[in-house]
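First comes the structure, then the notes that go with it.
Count residues from 1 along the sequence.
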Amino acid sequence: MTEDEIDAYYERKQEQYLQKYYSIQARRAIREDRRHMLWWVCVMTLTVMVCTIFLKLNFQVQQQVVSLARLQKQIVKLQMDNADAAKRIDDSMNLREVQEKATALGMVYPKEGNIIYYTVTADDYMYQSSDIPEY
């Protein structure tokens with residue numbers, strides 16, 4: 001073998017080793033890229049899960065707020081119904097009994113100048129919102 005053949009042989013070997021080295025480096029890079037891709041997929045999956053849980057909790061809170069408002073509205077309606085019923089009970093006293101007790105206590109019927117007339121709506125009761133004026 002001549003020196004040129006030996007040089008050519010070693011150059012081919014060096015090229016083979018370099019090709020092997022580059023292929024090993026490429027496989028290593030692909031493995032690392034797969035690891036990074038897997039890591040990012042895990043991070044994104046976790047992020048989506050956290051966002052989903054947050055949105056679900058937010059929706060539940062909104063439902064509770066709506067339910068609370070509905071219950072508060074029912075409470076107010078029931079309180080008004082209760083007040084109306086109490087007013088009707090108070091107003092359902094026997095007027096003859098009241099008249100007898102008032103006369104027994106010395107009360108008399110009003111004179112012509114002592115009467116003040118008010119118009120009452122069709123409701124079966126009314127609330128006094130201010131003092132009755134004196135004449």
Side-chain angles (χ1 to χ4, degrees):
M1 273 207 195
T2 64
E3 194 174 313
D4 287 336
E5 291 174 345
I6 294 172
D7 286 342
Y9 173 77
Y10 282 119
E11 284 178 14
R12 279 192 309 269
K13 283 290 190 186
Q14 187 175 3
E15 285 177 24
Q16 288 174 356
Y17 289 141
L18 283 175
Q19 286 176 356
K20 206 180 259 188
Y21 173 76
Y22 290 139
S23 69
I24 290 170
Q25 290 296 330
R27 280 183 272 164
R28 184 180 297 152
I30 289 172
R31 250 189 328 242
E32 288 178 6
D33 286 346
R34 285 182 186 161
R35 285 185 199 139
H36 287 299
M37 180 63 73
L38 182 63
W39 186 82
W40 280 111
V41 166
C42 290
V43 167
M44 293 304 291
T45 303
L46 184 64
T47 303
V48 167
M49 287 172 51
V50 167
C51 288
T52 303
I53 290 170
F54 175 74
L55 288 174
K56 182 179 177 182
L57 290 174
N58 190 16
F59 180 71
Q60 288 175 349
V61 166
Q62 291 298 326
Q63 283 181 329
Q64 294 296 328
V65 166
V66 169
S67 176
L68 179 66
R70 190 178 308 122
L71 291 173
Q72 286 176 338
K73 187 186 251 186
Q74 286 178 353
I75 287 173
V76 168
K77 184 183 180 307
L78 290 173
Q79 286 175 338
M80 291 298 294
D81 291 345
N82 193 19
D84 293 345
K87 183 68 175 165
R88 283 190 196 100
I89 289 171
D90 290 342
D91 291 344
S92 69
M93 296 172 95
N94 188 353
L95 294 179
R96 185 173 303 275
E97 187 180 321
V98 172
Q99 182 183 10
E100 289 173 2
K101 286 183 183 178
T103 343
L105 293 173
M107 294 181 78
V108 293
Y109 283 100
K111 305 266 190 258
E112 184 66 32
N114 295 343
I115 300 174
I116 299 173
Y117 291 98
Y118 289 96
T119 56
V120 179
T121 61
D123 295 342
D124 55 349
Y125 66 91
M126 72 177 196
Y127 291 108
Q128 181 176 341
S129 60
S130 63
D131 292 334
I132 298 174
E134 295 185 23
Y135 288 92

Task: Side-chain heavy-atom pair F59, L55 within 4.5 angstrom cut-off - done: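 They are not in contact (no side-chain heavy atoms under 4.5 Å apart), so the answer is no.
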
Open item on the list: Holding to side chain to side chain contact (heavy atoms under 4.5 Å, CB included), I want the full list of residues that pass it with Q99, two or more places apart in sequence or in another chain.
Closed with: T103, Y109

Open item on the list: Evaluate R27 against I24 for side chain to side chain contact (heavy atoms under 4.5 Å, CB included), listing each step before the verdict.
Closed with: CA-CA 5 Å; R27 280 183 272 164; I24 290 170; 3.7 Å; yes

Open item on the list: If the condition is salt bridge (Lys or Arg N to Asp or Glu O under 4.0 Å), which residues does E32 pass it with, not counting sequence neighbours?
Closed with: none

Open item on the list: My understanding is that a hydrophobic cluster links ILVMFWY residues whose side chain heavy atoms are under 4.5 Å apart, including indirect links. Using that, what else belongs to the cluster containing L105?
Closed with: none

Open item on the list: Heavy-atom count check: over 12 atoms from other residues, nucleotides or ligands less than 6.0 Å from Q14 CD?
Closed with: no

Open item on the list: Does E3 have more than 12 heavy atoms from other residues, nucleotides or ligands lying within 6.0 Å of its CD?
Closed with: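 Incorrect, the count does not exceed 12.
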
Task: Full working for side chain to side chain contact (heavy atoms under 4.5 Å, CB included) between L68 and Q64 - done: CA-CA 6 Å; L68 179 66; Q64 294 296 328; over 6 Å; no

Task: Verdict with reasoning, E97 to K101, per salt bridge (charged side-chain N to carboxylate O under 4.0 Å, His left out) - done: CA-CA 6 Å; E97 187 180 321; K101 286 183 183 178; 3.4 Å; yes

Open item on the list: Once side-chain hydrogen bond (donor to acceptor under 3.5 Å, both in side chains) is applied, do any residues pair with T2, and if so which ones, sequence neighbours excluded?
Closed with: none

If I take atom [atom1] from residue [X] and atom [atom2] from residue [Y], how far apart are they, to the nearest 0.5 angstrom?
| X | Y | atom1 | atom2 | value |
| --- | --- | --- | --- | --- |
| E11 | D4 | CD | CG | 9.5 Å |
| M80 | I75 | CE | CD1 | 14.5 Å |
| L38 | H36 | CG | NE2 | 11.0 Å |

Task: Pairs touching residues 50-78 that satisfy salt bridge (charged side-chain N to carboxylate O under 4.0 Å, His left out), sequence neighbours left out - done: K77-D81

Kindly list each side-chain donor-acceptor pair under 3.5 angstrom involving residues 39-52, sequence neighbours excluded, with atom names and distances?
from	atom 1	to	atom 2	distance (Å)
T45	OG1	V41	O	2.7
T47	OG1	V43	O	2.8
T52	OG1	V48	O	2.7

